[in-house]
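Only one structure is covered here, and it is reproduced in the block below.
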Amino acid sequence: MSSNTTVMFADLSGSTSVFEALGNDAATQAVRSLTDWIGRTCEQHDGRVIKYMGDGVLALFRGAGDAMDAVVTLQRDHARRKEQRGPVHQMQLQVGLACGDVVEVSGDCFGDAVNVAARLTDLAGPAEILVTEAVVQQLSGPPPGVRFHDMGMVPIRGKSQEQRLFRIEWHEDTSTEMMTLPASDAQMLGLRRPKRAAEGSIILRHIDLAHEFGSDEMPVHLGRAREAEFPVPDPRVSRLHARIEWRGNGFTLVDLSSNGTCVRFAGAPTEVRLRRDDCVLHSSGEIALAADFGDFTTPTVMFELKAK
């Protein structure tokens with residue numbers, strides 16, 4: 001296919017809790033129903049499904065515009081489905097788009113764009129769409145009611161160089177001002193994500209900055225970029241160094257950085273080192289935005305979990 005091919009990866013987050021709640025047979029049917037719906041939506045926007053992978057879908061589009069329309073439709077329609085249906089539909093979509101040369105062999109496809117799109121789904125939080133700069137450059141502008149949020153240069157696992165990424169703000173009930181303001185400015189003005197019922201909260205502290213985030217405000221990014229919800233302005237910290245998510249009934253820390261993140265829980269004798277993986281947070285402790293706590297000058301964020 002041509003260099004204009006746009007690759008979409010879509011993954012369902014939260015499927016593990018569905019399997020625990022429903023059992024293997026019912027959960028498998030629920031996940032399959034959702035992935036089939038994802039595939040049909042892609043085909044309705046002139047996309048072509050290459051394969052289904054458990055709770056994920058890989059599809060190709062000849063044009064970035066069709067791909068963008070498809071993934072925005074997916075997120076918006078799924079948000080409506082979640083409001084109208086039961087807990088099965090509380091699974092959320094994480095979507096990545098990249099474009100480039102793609103080679104198809106025996107019903108599968110290969111190429112750098114395929115690898116990058118897959119990595120973007122790992123970077124994306126629940127209900128997020130991340131796209132490369134190349135995808136945005138192929139568009140004449142965002143679709144109606146959509147904004148492109150420039151995340152700057154972000155490290156991608158497996159790539160030697162950082163890439164400029166954009167987060168697609170697709171929520172129909174989000175104000176234009178909130179979409180276009182940097183995250184730090186939006187917080188100062190009290191413009192935050194649409195509220196859901198909080199099931200818990202986490203307090204983060206770094207030097208003279210302290211903020212309490214509810215589970216309804218997740219995901220929260222830690223990093224030196226202005227768009228990070230909890231900024232740590234240190235040159236040793238990646239622009240978007242780590243992300244805290246609400247998964248099931250708890251907070252999870254995800255490392256997004258080049259150099260790694262380390263967690264030390266209060267009272268624990270050992271540290272947890274993260275390299276593009278994650279761990280569940282509990283009680284309280286420290287997060288070193290570096291590979292370890294060996295240097296006393298390492299940028300460190302204190303955390304404390306609070307029950308509802």
Side-chain angles (χ1 to χ4, degrees), residues 1-2 4-19 22 24-132 134-135 138-139 143 145-146 167-168 170-172:
M1 299 188 74
S2 74
N4 289 328
T5 300
T6 301
V7 182
M8 183 212 76
F9 260 98
D11 278 334
L12 291 170
S13 65
S15 59
T16 300
S17 59
V18 173
F19 274 85
L22 300 182
N24 289 340
D25 292 341
T28 297
Q29 183 177 355
V31 169
R32 185 174 299 169
S33 174
L34 281 174
T35 54
D36 286 347
W37 166 74
I38 293 171
R40 290 195 302 272
T41 301
C42 290
E43 291 168 351
Q44 290 167 3
H45 290 81
D46 294 327
R48 186 159 52 89
V49 175
I50 298 301
K51 61 181 177 180
Y52 296 91
M53 302 160 291
D55 56 2
V57 180
L58 168 62
L60 301 182
F61 296 80
R62 290 191 177 275
D66 290 333
M68 184 65 66
D69 289 342
V71 297
V72 169
T73 298
L74 282 171
Q75 292 288 21
R76 288 178 173 174
D77 286 355
H78 189 56
R80 298 187 190 102
R81 290 158 65 101
K82 286 168 56 184
E83 292 178 356
Q84 298 168 359
R85 303 190 183 185
V88 167
H89 295 275
Q90 296 309 303
M91 289 182 284
Q92 300 204 65
L93 292 175
Q94 299 174 205
V95 182
L97 290 181
C99 63
D101 293 313
V102 175
V103 177
E104 295 189 53
V105 179
S106 301
D108 206 343
C109 64
F110 305 90
D112 185 60
V114 178
N115 297 331
V116 171
R119 299 306 185 203
L120 294 190
T121 62
D122 295 335
L123 285 172
E128 283 189 349
I129 304 169
L130 298 186
V131 307
T132 61
V135 172
Q138 291 192 32
L139 302 171
V146 173
R167 185 172 66 243
I168 307 304
W170 54 267
H171 293 87
E172 295 173 293

Check: At their closest point, which heavy atom of Val7 faces which heavy atom of Ala113, and how far apart are they?
Finding: CG2-CB, 3.9 Å
Checklist line | Atom pair OG1 (Thr73) and CE (Met68), whose distance is rounded to the nearest 0.5 Å | finding: 11.5 Å
Item checked: Over all atoms of both residues, closest heavy-atom pair of Gly39 and Tyr52 -> CA-OH, 3.6 Å
Item checked: Under 3.5 Å donor-acceptor, Thr41 side chain and Trp37 backbone -> yes
Checklist line | Reported CG-to-CE distance for the pair Leu58 and Met53, which is rounded to 0.5 angstrom | finding: 5.0 Å
Check: Under 3.5 Å, is there a donor-acceptor pair between the side chain of Glu43 and the main chain of Val49?
Finding: no
Margin query: I want to check something: taking the side chain as every heavy atom from C-beta on, are Leu60 and Glu104 in contact at a cut-off of under 4.5 Å?
Written below: yes
Checklist line | SB check Asp46 Arg62 (cutoff 4.0 Å) | finding: no
Next item on the list: Give a yes or no answer on whether the side chain of Thr121 reaches the backbone of Gly96 with a donor-acceptor pair at less than 3.5 Å.
Entry: no
Checklist line | Shortest non-hydrogen contact between Asp69 and Pro143, atoms and distance | finding: OD1-CG, 3.8 Å
Notebook entry, point to check: Can any side-chain N or O of His78 pair as donor or acceptor with the backbone N or O of Met91 at less than 3.5 Å?
Noted result: yes
Notebook entry, point to check: How close do Arg167 and Glu128 get, heavy atom to heavy atom, and via which atoms?
Noted result: CD-OE2, 3.6 Å
Check: If you take all heavy atoms of Ala64 and Leu139, which pair is closest and at what distance?
Finding: C-CD2, 3.6 Å
Item checked: Gap between atom CD1 of Ile50 and atom CZ of Phe9 - 0.5 Å precision -> 10.5 Å
Check: Tell me, do Leu12 and Leu93 make a side-chain contact under 4.5 Å, heavy atoms counted?
Finding: yes
Next item on the list: Starting at CG of Asp122, measure out to CG of Asp11 and round the result to the nearest 0.5 Å.
Entry: 7.5 Å
Notebook entry, point to check: If you measure from CG on Leu74 to CZ on Arg40, what distance do you get to the nearest 0.5 Å?
Noted result: 11.0 Å
Notebook entry, point to check: Considering residues at least two apart in sequence or located in another chain, which fulfil the side chain to side chain donor-acceptor pair (under 3.5 Å) criterion with Asp77?
Noted result: Arg80
Next item on the list: Could you pull out the closest heavy-atom pair between Met8 and Leu97, with the gap in Å?
Entry: CB-CD2, 3.5 Å
Notebook entry, point to check: What is the distance from atom NE2 of His45 to atom CG of Asp66, rounded to the nearest 0.5 Å?
Noted result: 8.0 Å
Next item on the list: Run the numbers on Phe61 and Cys99 for side-chain contact (heavy atoms from CB on, under 4.5 Å), then give the verdict.
Entry: CA-CA 9 Å; Phe61 296 80; Cys99 63; over 6 Å; no
